[in-house]
Amino acid sequence: MTDATASAPVAAAPAHRSLWADVWRQFRAHRGAMIGAGVFGFILLAVIFGPMLWTIDPGETNLRARNQPMSWAHPFGTDNVGRDMLAQVLAGGRVSLAVGITAMAVSMLIGAAIGVLAGYFRRLDGPLMRLTELFLALPILPLLLVAILLFRDTLRANFGPEAGVFLLIVLIIGITSWMQTARIVRGEVQTLKEREFVLAAQSIGTKEGRVITRHILPNVLSPIMVSATIGIAAAIITESTLSFLGLGFPPDFPTWGRLLFDGKDFMTRSPGRVIWPGLFISLTVLSVNFIGDGLRDAMDPRIRGR
Amino acid sequence: MLRYAARRLLISIPTLLAISFIVFALLDLAPSDPTANLPLTIPPEVREKIRLSLGLGEPFIIRYFKWLEQFLINEPLAVLEQMTGLTIGDSENRLRVLSWATRSPVTDLIVERLPQTLWVVGMSYVVAVVIAVPLGVISAYRQYSLFDQIGTFISMLGFSIPTFFTGLLLIVIFSVWLGWLPSIYDTTHVVEDWDSFWFQVKQMAMPTMVLALANASQISRFMRASMLDNLTQDYVRTARAKGVRERTVVLLHVLRNSLIPVVTVIALGVPTIFGGAIVTEQIFRVNGIGALLITGIESNDIPLVQTLTFIFAILIVVFNLIADLLYGVLDPRIRYD
Amino acid sequence: MTGLKHLLAASTALAFCAGPALAERGADGELKIIYWQAPSTMNPFLSGGTKEVEAASMVIEPLARYSNTGEIIPALAAEIPTLENGGISEDLKSITWKLKTDVLWSDGTPFTAADAIFTWQYCTNPEGGCAQGAYFDGVANMEALDPHTLKITFTEAKPFPYTALVGSESPIIQAAQFAECTGSRAPECTEQNFNPIGTGPFRVVEFRANDVITLEANPNYRDPAKPAFATVTFKGGGDAESAARSVLQTGEFDYAWNLQISPEVLNEMEAAGQGKVVVAFATSVERILVNFTNPDPALGPDERSVWKEDGSNAHPILSDIRVRKALSRAIDPVILTEIGYGKTGRPTCNVLPGPDIYVSTANEACKTQDLEEAKALLDEAGWVPGPDGVRVKDGKRLSFLYQTSTNAVRQEFQAIIKEWWSEIGVETELRNISASVFFGGDPNSPDTFQKFYADIEMYTNNFSGVDPEAYMAQWTCEKAPRPATQWQGENINRFCSAEYDALAAEFSRTAGLEARAEIAKKMNDILMQEYVIIPLIHRGGTSAHANSLGGVLINDWDSELWNIADWHRVK
Amino acid sequence: MPLDAAKTETLVSVRGLSMHFPIYAGIFRRQVGVIKAVDDVSFDIGRGETLGVVGESGCGKSTTGRAVIRLYKPTAGSIFIDGKDISKTEGDALRRLRPSMQMIFQDPQACLNPRMTVGSIIAEPLDEHRRDMSRAERQEKVRALLDQVGMNPDFANRYPHEFSGGQRQRIGIARALALDPKFIVCDEPIAALDVSIQAQVVNLLEDLQDRLGLTYLFISHDLSMVRHIADRVAVMYLGKLVELASRDALYESPRHPYTKALLSAVPTVEKRSVERIILQGDVPSPANPPSGCVFRTRCPMAEARCAAEVPAFRKLADGRGVACHFAA
Amino acid sequence: MTDQREAASPPVLDVRNLETVFRVRDGQVHAVNGVSFSVREGELLGVVGESGSGKSVTMMSLMGLLPSPPAMVTGGEVLFEGRDVLKMTKQEMRALRGGDIGFVFQDPMTSLNPVFTVGFQIMEPLRVHLGLSKARARERAAELLALVGIPSPGARLDDYPHQFSGGMRQRVMIAIALACDPKVLIADEPTTALDVTIQAQILDLVQKLRTELGMAVIWITHDLGVVAGIADRVMVMYGGQVAEQAPVAELFARPQHPYTRALMQTLPDLGGARKERLLTIAGQPPILRAPPSSCPFAPRCAHVHAKCREANPPVLDRGARHEVACWWTPPQEGRDAA
């Protein structure tokens with residue numbers, strides 16, 4: 001396009017702003033993303049600080065207050081052994097979100113590393129892409145289930161019951177979900193590599209490592225961030241699916257998926273046991289997806305120009 | 001193109017072998033015991049005998065190669081024999097992959113389960129595509145319109161709410177409260193007249209919808225993005241400058257180009273049809289492949305899980321290849337040599 | 001014809017449970033049964049699972065079976081052999097069964113003693129991996145005195161000889177059909193294993209493993225008026241909750257098995273009015289086991305949780321009976337029952353909860369929780385409350401590792417019991433292990449229930465049939481699992497008492513129900529009063545049937561489908 | 001005279017430079033051929049001189065430029081800079097040579113990392129090579145460089161997207177100057193700029209050359225701009241050097257039929273008497289170039305001989321070089 | 001020749017005071033501000049300007065080819081054979097596009113639909129506008145390919161665009177534009193993406209076709225050299241306005257607008273004496289956030305004076321069909337020393 005996209009900024013008085021400020025400006029214009037960010041922020045704050053305000057121990061049973069509906073004493077009601085649902089949902093959210101975020105971080109780390117290496121070094125491209133294909137072809141859910149059976153107890157023994165399972169689930173989700181990111185990053189790196197500023201860095205004599213860290217990585221950050229939001233959402237869903245199938249965290253360890261699994265039998269009797277964790281899973285995933293959508297728009301230079 | 005396909009196929013072979021080894025090894029290493037689910041009243045000597053009778057006495061590598069031979073040679077031959085009625089070689093003494101739980105050939109179990117999975121999951125996929133493509137097209141064409149906003153929100157909802165949640169919700173609403181639809185899928189149901197057809201429709205409705213919602217969400221988002229990419233291309237302006245009707249511009253020029261990536265995405269999703277929808281099948285008791293896998297895992301039926309997992313891997317590899325080739329067929333710019 | 005007489009005798013034996021006027025065979029159409037754990041085979045010898053055994057019980061039958069009251073009644077046998085009628089030899093070393101003479105297999109061929117003998121050979125073939133091998137323990141020989149008389153001889157005196165070929169776990173298969181399927185070929189006979197020819201009221205039309213079994217009335221069944229149903233659809237898969245719903249709420253099925261779900265949910269579903277929940281109690285007890293040996297990880301593999309004759313390896317805290325008793329006194333089994341089982345369980349103070357004549361009444365105090373007494377016991381034992389509420393003695397905290405298998409109800413129990421124990425100053429670390437590992441018996445895994453690398457563990461055990469001899473013999477010293485036995489052995493507690501061992505030996509020599517019951521109760525009381533085991537709940541088999549289904553007599557001693565021939569539609 | 005720079009001593013000397021890219025095909029990805037992007041090219045550039053390289057897209061001029069400063073590893077040939085053959089140098093040794101030769105890129109949008117500030121972009125070569133300088137010194141140098149290319153030194157902490165194309169090109173030039181190079185390859189530095197801006201950049205390049213005694217390899221498809229800036233001009237076609245002559249000689253009396261056609265095709269404001277030569281057809285694929293003379297398929301003078309025999313690049317009487325059988 | 005035609009025929013396309021605005025996030029960009037011009041049958045109007053000068057937007061907006069939103073034509077009229085295009089229904093407008101008015105765009109690589117054969121794309125306007133049968137359309141398409149100089153046209157109809165080189169693709173684009181014998185051909189920088197030797201081929205072709213077919217051509221370019229070679233009249237645009245408009249010889253002989261003059265001076269020459277130094281125009285072309293209230297070129301103008309900053313100069317005819325929008329009058333010395 002020639003004249004239609006009047007993208008050259010006015011030379012006279014360009015407000016001094018970095019690229020990220022620009023992205024943020026565009027992001028703010030995306031209503032869905034802003035609502036998503038608000039909801040996600042709220043959930044995040046709630047699960048981080050909520051347990052400090054709502055101090056009931058989520059594991060504390062109260063046989064005199066079983067299957068309570070919503071009340072002031074128990075805003076989300078109680079379960080069939082009288083544990084407070086609000087406390088459980090908050091505690092479960094900590095785990096679910098921590099799983100989501102950590103698993104995403106693991107998967108991004110692997111995905112970005114493999115993507116950058118494959119995209120940047122031609123020699124590594126073949127083998128690394130074969131590896132990616134191999135992982136893509138591995139049916140994830142069954143292997144996930146098996147791996148959990150396989151390593152659960154070893155890790156439990158070494159890291160304690162909670163940290164062990166957490167580590168395991170996070171690692172497994174991370175290790176089995178990096179492939180899309182790697183592919184996207186690789187593609188992006190391959191185009192970036194042809195961009196003249198990379199050539200310019202080479203002509204300056206910048207070392208390869210620094211070319212990657214200084215020129216390649218910052219520029220693949222936006223696809224990585226978009227995949228990251230999708231990754232968080234996917235990891236939360238995967239964890240809850242595993243828990244739902246009864247194969248994730250053990251029953252005494254509340255996560256949203258686990259709460260949903262335990263509560264599903266009580267769906268008609270105390271709907272709160274399903275609705276609250278279900279709502280939180282859905283809201284979190286929804287808001288994160290909307291954030292991803294907004295980020296994608298905000299970082300897409302074609303859209304940003306408009 | 002042919003040469004490209006051949007090359008891709010050749011590359012897939014080592015990949016598949018590697019996968020077969022990983023699958024076998026992982027499952028074999030899993031601390032699962034085929035007798036763990038038996039009642040505690042069964043004494044240990046008997047358990048040990050059961051284990052030996054399941055072939056657990058041999059070393060790992062031997063079992064791997066045996067399984068590989070059974071899987072790659074014996075099972076295909078057996079399936080072939082069943083389909084054609086011919087007898088090939090020594091079919092009596094051919095060692096097949098036997099399930100630990102049922103002691104029957106694993107492939108027979110899979111063949112038995114395939115129809116319901118193909119029906120329900122396949123139908124949901126078809127429904128998803130049929131819904132998603134127009135949805136994506138309109139959403140993109142009317143970007144930021146109310147339709148687009150609502151469509152985007154619904155499709156977001158579709159992949160934000162896990163299927164187990166929607167599934168349970170539907171059961172409570174339609175089976176328990178309203179009593180309209182059966183909550184348990186009858187795999188033996190045979191469609192022979194209008195009524196039985198109607199029953200089939202009713203029993204497929206919920207699982208199909210749950211899966212279709214999830215799938216349609218993904219596909220429509222892809223479709224929308226792809227349409228948006230293409231709507232701003234120069235050739236669209238050319239088509240308009242030719243005086244072509246707007247509908248033709250969108251439905252012929254833009255859609256044709258936008259479908260290229262979407263079709264490959266759709267092709268990549270096909271293995272999941274064969275793989276079954278583990279959670280949905282479990283919830284609605286559609287005892288298909290996914291449910292088989294879960295039972296296999298729960299009852300430590302390692303040969304069954306190994307075989308299913310590997311078949312699934314093969315399907316993924318094959319459909320990856322098909323997706324690539326489709327790309328070449330649909331996009332004249334791609335020449336694979 | 002003698003056949004007719006026998007047949008009449010048999011039906012009179014069952015008359016008390018038969019429904020209203022005998023209808024025509026197949027008149028009631030289709031029966032829909034849901035077992036949420038789907039059967040994987042119809043051959044109970046290849047799978048010890050309850051679901052397989054019960055599914056098979058519609059098709060193949062034993063010589064005798066247990067009624068819903070735990071009584072032995074004839075099935076393929078004409079009568080139950082006893083010492084009185086001479087069916088059991090005086091030296092208790094043989095039993096002679098008279099078979100019904102008019103029984104036909106579903107393929108029309110006659111049933112004879114040869115089939116019974118074949119079944120014994122089939123199951124005891126060393127290469128076959130028969131899951132029911134224990135039923136034939138001690139059988140020295142089987143011979144056919146005539147085609148309808150079977151003599152079983154035992155290697156030593158057997159005071160309770162109704163094991164081999166008795167009960168749904170030990171039915172008789174047709175020799176002609178399985179002749180080629182012995183030994184290592186047993187698993188390969190898919191057709192036979194999925195579609196066994198039987199003498200029962202139904203025969204298989206189609207078997208889909210782990211999914212659905214379609215059956216139809218056996219045209220050669222010995223009672224021409226039975227079964228009332230023409231076909232049975234036996235669906236599997238899913239979970240207990242939705243199975244219950246399909247019978248109690250949506251009415252899609254007639255009968256649902258093993259509804260282990262939260263009592264509140266079950267009650268609510270039953271309130272919908274479509275069907276009834278029925279419970280039968282046999283011998284299953286959910287119990288807490290106390291480790292008598294030291295599970296300290298610091299000890300080596302040969303020491304940890306290994307019982308030593310010199311007592312050097314006794315548990316440092318739990319070997320004090322006052323502590324064990326205190327733990328028991330702090331538990332309220334009534335509340336646990338209410339929360340976890342409702343009417344599908346009842347609180348118990350015995351590890352041997354049935355049949356009725358074996359049940360001791362000496363331990364009822366355990367049903368009432370007494371935290372004060374528990375505290376007093378701990379005080380007495382020298383455990384004084386520490387600053388954080390946890391009791392200490394000699395600088396050691398009163399702290400236990402409490403393990404069980406992964407299961408929602410068990411984790412709830414763990415949480416509640418932990419709460420109670422913390423009230424008396426006991427600290428508890430909870431641990432749950434996936435069932436397949438916990439019960440998997442892998443000698444290399446540290447997490448099996450046999451290894452007991454914990455202070456306390458909890459699970460359910462029972463015995464099949466009605467005779468507790470083998471069950472009670474589990475707590476003899478020699479049965480303690482240890483490295484030398486590859487960690488096999490049933491004395492999971494590693495409890496060792498000369499008095500108990502002596503009683504066990506006596507039990508194995510005593511014939512006569514009354515005398516045997518006396519000994520069994522004594523043994524039970526020792527285990528209870530030593531607080532070796534803290535029994536929690538006597539668990540029942542819970543099922544649900546539609547209101548329109550008649551003739552159901554729930555039975556936990558045998559297959560729940562034991563009298564399916566009598567089931568009928570209530571008009 | 002033009003082959004060996006006469007004006008002063010030679011700074012850059014390229015001999016027989018070839019840059020071939022392999023083509024892989026078939027089931028086993030075997031190499032089935034090569035794209036001869038640059039094929040046997042030789043030239044010299046004198047100190048302080050500007051050598052223009054012209055040709056149509058795909059003729060190999062950019063590849064030549066990149067190969068000369070060793071952004072590629074040449075397939076054959078040698079490159080002497082200041083008498084030192086750098087064609088085989090690798091790794092750290094090559095890195096140490098970088099300061100003496102720099103490059104200015106075509107796309108002012110693409111050649112600046114959008115995530116870095118102008119200051120850090122210009123400082124990057126200093127960070128890499130001038131560890132001896134203190135932070136403050138480096139900052140001072142950046143300011144000086146910005147000033148040198150006619151930009152406000154205070155712009156150092158802004159981002160590239162805040163600038164117009166011409167300004168970005170100035171930033172690119174400042175970066176190239178940071179290490180005080182002797183030799184700069186200008187790869188179509190004005191192609192992406194508007195007409196009114198092109199002149200600004202070209203004037204700046206000329207000023208810098210005068211002031212700093214730079215040597216340029218100026219690659220462009222704009223023949224009038226090359227005429228303006230270059231001292232000598234090389235014409236490339238399909239990876240080959242077809243003519244190399246001093247500016248005036250080339251523009252006044254081109255000898256190679258391709259040069260003639262190229263010159264006549266340029267639309268100009270002034271009326272020209274030269275008969276317009278319109279070449280037929282397209283440039284052949286470099287993967288499958290014609291036999292003999294690569295230009296013969298479009299050459300109005302082509303004869304049988306041209307298909308059989310590769311014309312040598314030979315020196316004519318007036319010192320220019322031409323690769324044509326018929327040039328005299 | 002031009003004068004003759006002027007008397008003989010009314011303008012085919014007459015644009016008056018066209019205004020186009022882009023809605024952007026933080027306001028508006030006034031891309032076209034009161035542009036007026038006309039073309040007659042057989043006339044080639046060259047439109048020159050830098051990027052952002054509004055030359056493409058003008059042409060796109062008069063045929064409704066700009067995406068809307070964000071673009072909006074806010075004023076003026078476009079008379080095609082006397083009818084106002086801007087008031088036409090969608091159907092009428094469509095009949096005009098591709099029928100009476102053909103378009104050729106800048107980038108032949110992206111302007112053709114990659115997944116349809118070239119034949120299909122040429123046949124499309126034939127079938128839409130002329131209602132030709134498939135066979136007839138194909139025949140005609142082959143003729144058109146032959147007309148634009150593509151060898152073995154019949155065989156190449158079934159090829160896809162990627163099988164053509166850039167120059168060939170531009171020929172295909174021209175064939176599409178010519179398919180229905182348009183009265184006006186609008187070419188938007190059709191040779192910018194091409195090499196000079198290929199550009200020469202295309203220029204040659206268009207010149208030939210124009211005389212053969214007798215259509216009016218509007219040729220947008222940023223290259224003064226190109227218009228000098230082919231145009232009858234030249235319109236120079238700046239800041240969304242017409243800066244100067246004159247017959248080609250007149251314009252190059254006596255450029256009156258300071259912008260035109262400066263533009264000519266910045267260009268190096270291919271022949272003649274080499275300039276020691278190129279003249280430059282300082283600063284950047286403007287982006288107008290509001291309709292210009294002063295001369296948009298004033299900030300960069302060498303001859304700027306107070307009035308330029310106060311009012312936007314109207315387009316004034318300075319004789320010899322030479323129209324200029326400038327307050328300044330160059331000294332009457334004939335040809336300015338360029």
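Residue numbering restarts at 1 for every chain, and letters A, B, ... go by the order of the sequence lines.
Of the atoms belonging to E/Met60, it is side-chain heavy atoms, and not backbone ones, that fall under 4.5 Å from chain B. Interface residue E/Leu112: only backbone heavy atoms are found under 4.5 Å from chain B. Neither the backbone nor the side chain of E/Met109 comes within contact range of chain B, judged by heavy atoms closer than 4.5 Å. Contacts between E/Val128 and chain B at a heavy-atom distance below 4.5 Å involve the side chain alone, from C-beta outward. Neither the backbone nor the side chain of E/Gln91 comes within contact range of chain B; no heavy atoms are under 4.5 Å apart.
Considering only heavy atoms from C-beta on, B/Phe312 stays 4.5 Å or farther from B/Ile19 through its side chain.
Side chain of E/Ser111 to backbone of E/Pro108: no donor-acceptor contact under 3.5 angstrom is found.
If you tally non-hydrogen atom pairs under 4.5 Å between each of E/Gly98, E/Gly102, E/Cys180 and chain B, the highest count goes to E/Gly98. Chosen from B/Leu252, B/Val254, B/Leu231, B/Leu330, the residue pairing most often with chain E at heavy-atom distances under 4.5 Å is B/Leu252.
In this structure, E/Arg97 fails the cation-pi test against E/Phe103, since its NZ or CZ atom is not both closer than 6.0 Å to the six-membered ring centre and inside 45 degrees of the ring normal.
In this model, no donor atom of one side chain and acceptor atom of the other lie less than 3.5 Å apart for E/Glu124 and E/His129. Remark: the B/Thr152 side chain and the B/Gln149 side chain contain no N/O donor-acceptor pair separated by less than 3.5 Å. If you check the side chains of E/Thr117 and E/Asp158, you find no donor sitting under 3.5 Å from an acceptor.
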